[in-house]
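Residue numbers begin at 1 in each chain, while the letters A, B, ... track the order of the sequences.
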There are 2 protein chains.
Amino acid sequence: MTQTATPTRAPVNAADVRWLTPAQQTHWRAYRDGTALLMDVLARELDEDTALSLAEYEVLVRLSEAPGRTLRMSELAGELAHSRSRLTHTIRRMEEAGLVQRNPCALDARGVNCTMTDLGLQRIVEAAPSHVNAVRTHLIDVLTDDQLRALGTAMGIVAHALRES
Amino acid sequence: MTQTATPTRAPVNAADVRWLTPAQQTHWRAYRDGTALLMDVLARELDEDTALSLAEYEVLVRLSEAPGRTLRMSELAGELAHSRSRLTHTIRRMEEAGLVQRNPCALDARGVNCTMTDLGLQRIVEAAPSHVNAVRTHLIDVLTDDQLRALGTAMGIVAHALRES
DNA sequence: CCACTGTAGTAGAAATGTCAACTACAGGCG
DNA sequence: CGCCTGTAGTTGACATTTCTACTACAGTGG
C-alpha cells in the first residue's frame, strides 16, 4: 500500500475516538516523560565528557561496526532513523571536524560512501566508556533484567511496526 | 549530595568499563531506535493534521488539566522536562499565535503564570482525537496490555531515578 | 536592614533540525 | 534509444533548541 498524493489520514471526529484508558494514559506518559529525561541527561553527559553530540556519537558507532568502517549515506540514515537531510548536515559538520570522510560510491554513481577516519575512531574509543557508563547509570542499572528485556521487546515491536509502513 | 563546581563525572578508563552484555545492547538499541521512529511519526502526523508541534500540544495538555487552565512557567517546564529557556521560546511563539497568555504571578513577583486561552482550548480539543489515534495506532495497539504496562513501569522507574538527582 | 545565595524567567547568538526544492543517476518499458 | 518514475544526496531558507549571560525577586542569616 503506497501513500496517496495527499497523505492526510481520515479526520477523526471526536465521537469516534477510542480514548486511552487511565492505565494506558499513565503508561504512555511515563514512557514519554522518562524518555525525555533520559535522552536529555545522556546527551548532556556525553557532550560534557566528550564534546560529541548524541547524533555524532551514533554515527560513529554505526560506522565503527560497518565493514571497512564505511556505510552509504542512506544506510546510515536508515539505521539512525534520521532524515537524509539531517544526516547530510551532520556528516558535513563531522567531515569538517575530520571525524569522517565522504567518497563517491563506485557501484552506484548516485551514492556516497561515508568512512570513519582514524581520528573518528580514536574519538569514539575515548567516548565509549563514558557513554556506556551513563547508559548504565541511568537506564540499565535502575532496572531489573526482566524490566530491561520487556522494555527492549516492547520498543522492538513498535520499531518493527513502523518500519513496515 | 550537591553538585561540585565542575560537575564533570570522574573520567572512566577503558579498563574499568562494564560494557553492556549483548542482550543489554540489543534492548537498549531497540528502545533507542523505536523511540526515534515513534516520536518522529507522532510529530509528523500531529503537524500534518493539526499544525501543532508535539511541544505545543503537550503544553496545551498540561494547561488544560491545571486548575484555572494556568500553570507557572517553571511548573510547566518541570512537567514537560524542557529547559526553562526552551519553554520561554515556545510560550512566546504560542502567545503570538494566541494559544496562551502570560501574566505576572501575584504571590511571587519573580513568577509568571501561563494560561491557556479559549482558542488554545479549542485547538487542543480539535487536535486530541487525531493525536490519540496516532498514539494508539503506533504504540498502544501494537502492544499487548502487559507489554504496555511493562514499558510504562520501566520508564517510570527511569524517570523517578532521574528526578531524584 | 543588608549581604549573600538561590530561584524564576528572559533574550540573543550559535548550533541543530526541518522542509521544500533541486541535481544527478538508476532501472523499467515502449 | 528515449521517456518516465523513483532513489540518493545536497542545498539554502526557515524553525526550533541550546547555551550563556543577564535582570529581578525571594529567603536566609548576620
Side-chain angles (χ1 to χ4, degrees), chain A residues 2-3 5-7 36 39-48 51-59 70-97 99-115, chain B residues 2-3 5-7 36-37 39-48 51-59 70-97 100-115:
Chain A
T2 51
Q3 293 288 62
T6 304
M39 290 310 178
D40 195 70
V41 72
L42 292 181
R44 184 176 319 282
E45 293 189 0
L46 183 65
D47 182 59
E48 285 172 3
L52 287 172
S53 72
L54 221 38
E56 290 165 339
Y57 180 86
E58 279 169 354
V59 165
T70 299
L71 283 173
R72 286 282 294 272
M73 291 293 282
S74 50
E75 294 179 290
L76 207 39
E79 288 199 31
L80 297 171
H82 288 178
S83 69
R84 277 170 321 156
S85 173
R86 176 178 178 183
L87 186 65
T88 296
H89 288 305
T90 304
I91 294 295
R92 181 179 40 67
R93 291 188 290 259
M94 293 178 75
E95 192 169 31
E96 283 166 9
L99 302 178
V100 300
Q101 212 178 339
R102 277 182 289 190
N103 296 104
C105 174
L107 298 172
D108 182 341
R110 295 168 303 179
V112 170
N113 282 323
C114 183
T115 305
Chain B
T2 51
Q3 292 289 63
T6 304
L37 289 165
M39 290 310 177
D40 195 68
V41 72
L42 291 181
R44 184 176 318 280
E45 294 190 358
L46 183 65
D47 182 58
E48 284 172 2
L52 287 171
S53 72
L54 222 37
E56 291 165 338
Y57 180 86
E58 279 169 353
V59 166
T70 298
L71 282 173
R72 286 281 295 272
M73 292 292 283
S74 51
E75 294 179 289
L76 207 40
E79 288 199 34
L80 296 171
H82 289 176
S83 70
R84 286 188 332 254
S85 175
R86 175 179 178 183
L87 187 65
T88 294
H89 288 305
T90 303
I91 293 295
R92 180 179 42 65
R93 291 187 292 261
M94 292 178 75
E95 193 169 31
E96 283 165 10
V100 300
Q101 211 178 339
R102 277 182 289 189
N103 297 104
C105 174
L107 299 171
D108 183 340
R110 295 169 301 179
V112 170
N113 282 323
C114 184
T115 305

Rounded to whole Å, CD of E96(A) lies from C1' of dA15(C) at a distance of 13 Å

Pairs involving residues 73-84 of chain A, ordered by first then second residue, that meet salt bridge (Lys or Arg N to Asp or Glu O under 4.0 Å) (sequence neighbours left out): R62(A)-E79(A)

Starting at CE of M94(A) and ending at P of dG17(C), how long is that distance when rounded to a whole Å? 12 Å

What is the distance, to the nearest angstrom, from the CD atom on E48(A) to the C1' atom on dC19(D)? 12 Å

By the 4.0 Å heavy-atom rule, please label S53(A) as base, sugar-phosphate, or nothing. nothing

DNA chain C nearest-nucleotide lookup for H82(A) and G111(B): closer to the 5′ end is G111(B)

Using a cut-off of under 3.5 Å, enumerate the N/O to N/O pairs linking the protein to nucleotides 1-6 of chain C.
residue: dG6(C); atom: N2; partner: R110(B); partner atom: NH1; Å: 2.9

Taking atom C1' of dT18(D) as reference, at what distance in whole Å does atom CE of M39(A) sit? 18 Å

Nearest listed nucleotide, side chain of R86(B), among dA8(C), dT18(D), dA8(D): dT18(D)

Expressed as a whole number of angstroms, how long is the span from L80(B):CG to dT18(D):P? 12 Å

Which residues share a side chain to side chain donor-acceptor pair (under 3.5 Å) with E45(A), sequence neighbours left out: H138(A)

In terms of the nearest nucleotide of DNA chain C, which residue is placed more toward the 5' end: L107(A) or E56(A)? E56(A)

Apply salt bridge (charged side-chain N to carboxylate O under 4.0 Å, His left out) to R92(B) and list each qualifying residue two or more places apart in sequence or on a separate chain. E96(B)

Got a sec, which residues hit side chain to side chain donor-acceptor pair (under 3.5 Å) with T90(A), two or more places apart in sequence or on another chain? none

Measure CG/D108(A) against P/dG9(D) and give the value in whole Å, please. 8 Å

What residues, two or more places apart in sequence or in another chain, satisfy side chain to side chain donor-acceptor pair (under 3.5 Å) together with T115(B)? T70(B)

Distance in angstrom units between L46(B) CG and dT16(D) P, rounded: 13 Å

Reported CG-to-CG distance for the pair L76(A) and L87(A), which is rounded to 0.5 angstrom: 5.0 Å

If you take all heavy atoms of C114(B) and V100(B), which pair is closest and at what distance? SG-CB, 3.9 Å

How close do A81(A) and L37(B) get, heavy atom to heavy atom, and via which atoms? CB-CD2, 3.7 Å

Taking atom P of dT18(D) as reference, at what distance in whole Å does atom CG of L54(A) sit? 12 Å

If you fit an axis to the five pairs at each end of the helix from dC1(C)-dG30(D) to dG30(C)-dC1(D), how big is the angle between those two axes, to 10 degrees? 10°

Please tell me if R93(A) has a side-chain N or O lying less than 4.0 Å from either OP1 or OP2 of dG17(C). yes

Salt bridge (charged side-chain N to carboxylate O under 4.0 Å, His left out) involving D40(B) - partner list, sequence neighbours excluded: R44(B)

Among all residues two or more places apart in sequence or in another chain, which pass the salt bridge (charged side-chain N to carboxylate O under 4.0 Å, His left out) test with E56(B)? none

So salt bridge (Lys or Arg N to Asp or Glu O under 4.0 Å) across residues 101-115 of chain B, not counting sequence neighbours, yields R72(B)-D108(B), E95(B)-R102(B), D108(B)-R110(B)

Suppose we screen for side chain to side chain donor-acceptor pair (under 3.5 Å). Which residues come up paired with T88(A), at least two apart in sequence or across chains? none

Side-chain N or O of R72(B) versus OP1/OP2 of dG9(C): is the shortest distance under 4.0 Å? yes

Distances under 3.5 Å between nitrogen or oxygen atoms of protein and nucleotides 10-12 of chain D:
residue: dT10(D); atom: OP1; partner: R102(A); partner atom: NH1; Å: 2.7
residue: dT10(D); atom: OP2; partner: T88(A); partner atom: OG1; Å: 3.0
residue: dT11(D); atom: O4; partner: S85(A); partner atom: OG; Å: 3.1
residue: dG12(D); atom: O6; partner: H89(A); partner atom: NE2; Å: 3.1

